[in-house]
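Below you'll find the structure, written out as structure tokens, and then a few comments.
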There are 2 protein chains.
Amino acid sequence: MKKNSSVTINDVASEAGVSKSTVSLVIRNSSLVKPATRKVVVEAMQRIGYVYNRDAANFRSRSSNIVGLIIHDLTNPFFAEMYVGLEKRLANSGYIALLSNTSEDAEVQLRNFNIMKEHRIAGFIVCPAQGTDQQFIEALKQQNTPVVSVIRRLPDPDKSFDYISADVRQGTYLATRHLLEQGYRHVGYIGGLDTPIRKDRLKGYKQALSEFDLRVDEKYIYTCQPTRANGEKAIRELMLSPNVELDACVCYNDLVALGTLWGLHDLGVAVGKEFGVVGFDNVAAAAHTTPPLTSVASNSDDIGRAAAERLLHRIENNTEQPVHIVKPVELVVRNSSGRQPD
Amino acid sequence: MKKNSSVTINDVASEAGVSKSTVSLVIRNSSLVKPATRKVVVEAMQRIGYVYNRDAANFRSRSSNIVGLIIHDLTNPFFAEMYVGLEKRLANSGYIALLSNTSEDAEVQLRNFNIMKEHRIAGFIVCPAQGTDQQFIEALKQQNTPVVSVIRRLPDPDKSFDYISADVRQGTYLATRHLLEQGYRHVGYIGGLDTPIRKDRLKGYKQALSEFDLRVDEKYIYTCQPTRANGEKAIRELMLSPNVELDACVCYNDLVALGTLWGLHDLGVAVGKEFGVVGFDNVAAAAHTTPPLTSVASNSDDIGRAAAERLLHRIENNTEQPVHIVKPVELVVRNSSGRQPD
DNA sequence: TAGAGTTTTTGGAACGTTCCAAAAAAAAAT
DNA sequence: ATTTTTTTTTGGAACGTTCCAAAAACTCTA
């Protein structure tokens, strides 16, 4: 009986001895149908193995329960976790996710978006690739389904999309202040390209320094793509630079932090004693580095859920002004930011 | 002009002064239409901002370019990377992925599968959750679209699905032999529940031992859910057990290995000198542990691609017998398996 | 230039559902 | 028992595309 499910609503109707309209109502849980009738129909459906053709339904009703997810790097555990939170929330409301990993490639992003569009999607959640251009923004605006951006803001001058982010400024502030409180006095900032989010983070960094009456020294701010390899390279360059005497650093994210841990280990620097390191994201690996990494936790799972919630809300009601939701962060202190008493 | 794209093929037709059938042919790149006509139509499409309604098309032609992906844990970097390879390959052939992360929950798995089914999917790629039961297998068999399983085999007595896996037996063999060649003589095996894959791995482990004329001692084989925390717990128990004198271990996967590294560090054991550790999967983090982790690489990206390829092939031609494709693995040697000369 | 052959275009039915207005059935009121 | 009201069920049109058989437009040959 594994025939290509051409069992339709009509077959159910004749099996149950009602009209197709009634069957349709039953499927959609309408309160119009009499309980007895519903029972008959449901049984008929089971008897003949009916599978709802949601595409036909969506087609006719011009609606959709598919949400398009565009994420720039799913192999980053933070985003994978975020995805999981997102999907769970969507599933709870009967939505399902078409996913595209863009690998930071703006072209792939545009291409996949166009393919997704053809499926009449209910809404998009986007964590845009680097180099996302106006063409993409325009494309998003053109279509009238809601769009929510997460973590990274879409480079839209009009800020016309909802945006869910972590309070990275506060996080960076907490991280920096913590190192200063530990007694470190030459705290650098490592990683990230010159983006709006990073600017925001640096504000937190600078605020903490100024609260301790310390000057910001641009030599101590290192700009690079936030990868493990670059973290290692950065710390090496900084430590070997003659006119820099770093004794701690705040990292753009945990990947960078892992790189610096590694670099420092290699340089024979005792992290958590003579040098403090703080990461950002609190990925699972942070708890298991040597020494364990102090990190700013921006609950990925939670952010995913929030983004999903926002999108679902927009799908219902797309009249509000765009909002920017900032989820709180917290500092998770482990050994990498410790300090040996002088 | 951001009207809810009710621009249809008919609008294009009248704009271009041809029939809707011609437009349809143009969309589908039919060689039937004269180049000149095609040009006119394409221009008309652009002029009025036509978006192909693929759902309507799929609906009418009873086909689909959506592939259902069911994966048990996307937060495991191995699977995230596999997903990326998979998606890339699918996209190349014009397919797009509906993804479901089951978080090892067989109920979620079944539920999401049923939702996916309603979208008349072209085929499924499944990495089944633990505890996948016959009900799910039956459900997969019921529907007549192809199914490919990856990494974990579907618990189907008839083995009626394609299966793409890494050569874990060989990998475990290589890992064990390597440790033995380094001079370690009390090599344990840590992690994994009693599953078919693990049995396979243990075969490789045992083979290597026997090649060195060593007995298999069940005390040295530790069974547990393969997580970091359990890896740590395992090594601790083993090392503190009075009648066990372990000097090396092969781990079920890198997560477990990271746990053991951590545990050993805590116990003051010098990994890579007096104790050898080998992981499995060669996740990105393996290169950056202390010491760097020797690991068996089963190119995740490649496996994803292979699974996608297999599914695409099946979608074209679903008559062949199910196959089991085993992708080769290789040992990536780093410091964790080193040994101090006696 | 008529006829045959070939290429290109076309109109209408069909896919499986929802929507709608209206019919039928049941319940309540007289 | 009839009428009115309320609840439940229904048939046909519609959604935007593809499919198909047939028409139209060309090309070639004699």
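Every chain is numbered from 1, with letters handed out A, B, ... down the list of sequences.
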- Message: Tell me if a side-chain donor or acceptor on N114(B) pairs with a main-chain N or O of R111(B) at a distance below 3.5 Å.
- Response: no

- Integer-rounded Å distance: dG12(C) P and I9(B) CD1: 16 Å

- Message: In this structure, how many angstroms lie between the C1' atom of dC15(D) and the CZ atom of R60(A), rounded?
- Response: 6 Å

- Salt bridge check: are E43(A) and K39(A) linked by an N-O gap of less than 4.0 Å? yes

- Message: Students often mix this up, so state it plainly: with edges at 30° and 60°, are the rings of F124(A) and F113(A) parallel, tilted or perpendicular?
- Response: tilted

- Check: R152(B) and T195(B) side chains under 4.5 Å, non-hydrogen atoms: no

- Message: Any base atoms under 4.0 Å from N10(A), or only sugar-phosphate, or nothing? Heavy atoms, all strands.
- Response: base

- Answer yes or no: does a side-chain N or O of R28(B) lie under 4.0 Å from OP1 or OP2 of dT18(D)? yes

- Query: Starting at CG of N58(A) and ending at P of dT18(C), how long is that distance when rounded to a whole Å?
  - Reply: 9 Å

- Item | Nearest-Å distance for atom pair CZ/P, residues R120(A) and dT18(C) | 16 Å

- Query: Any side-chain heavy atom of K327(B) within less than 4.5 Å of one from I164(B)?
  - Reply: yes

- Message: Which residue in the set V67(B), I315(B), L140(B) passes side-chain contact (heavy atoms from CB on, under 4.5 Å) when paired with P146(B)?
- Response: I315(B)

- Note on the structure: Heavy-atom contacts, protein to nucleotides 5-10 of chain C, under 4.0 Å, summarised as B (base), S (sugar-phosphate only) or - (none) per nt, yield ---BBB

- Item | K39(A) NZ to dT8(D) C1', straight-line distance once rounded to whole Å | 18 Å

- Could you state the atom-to-atom distance from CZ of R54(A) to C1' of dG16(C) in whole Å? 14 Å

- Just compare dG16(D), dT17(C), dT18(C) and give me whichever is closest to any side-chain atom of S24(A). dT18(C)

- Query: Is there a stack between F59(B) and dC15(C), judged by ring centres under 5.5 Å and planes under 30°?
  - Reply: yes

- Message: How many whole angstroms separate atom CG of D55(A) from atom C1' of dC15(C)?
- Response: 12 Å

- Message: dG16(C), OP1 or OP2 - any side-chain N/O from R62(B) closer than 4.0 Å?
- Response: yes

- Note on the structure: Atom CD1 of I48(B) and atom P of dG16(D) are separated, to the nearest Å, by 13 Å

- Report yes if some heavy atom in the side chain of E87(A) is under 4.5 Å from a heavy atom in the side chain of N112(B); otherwise report no. yes

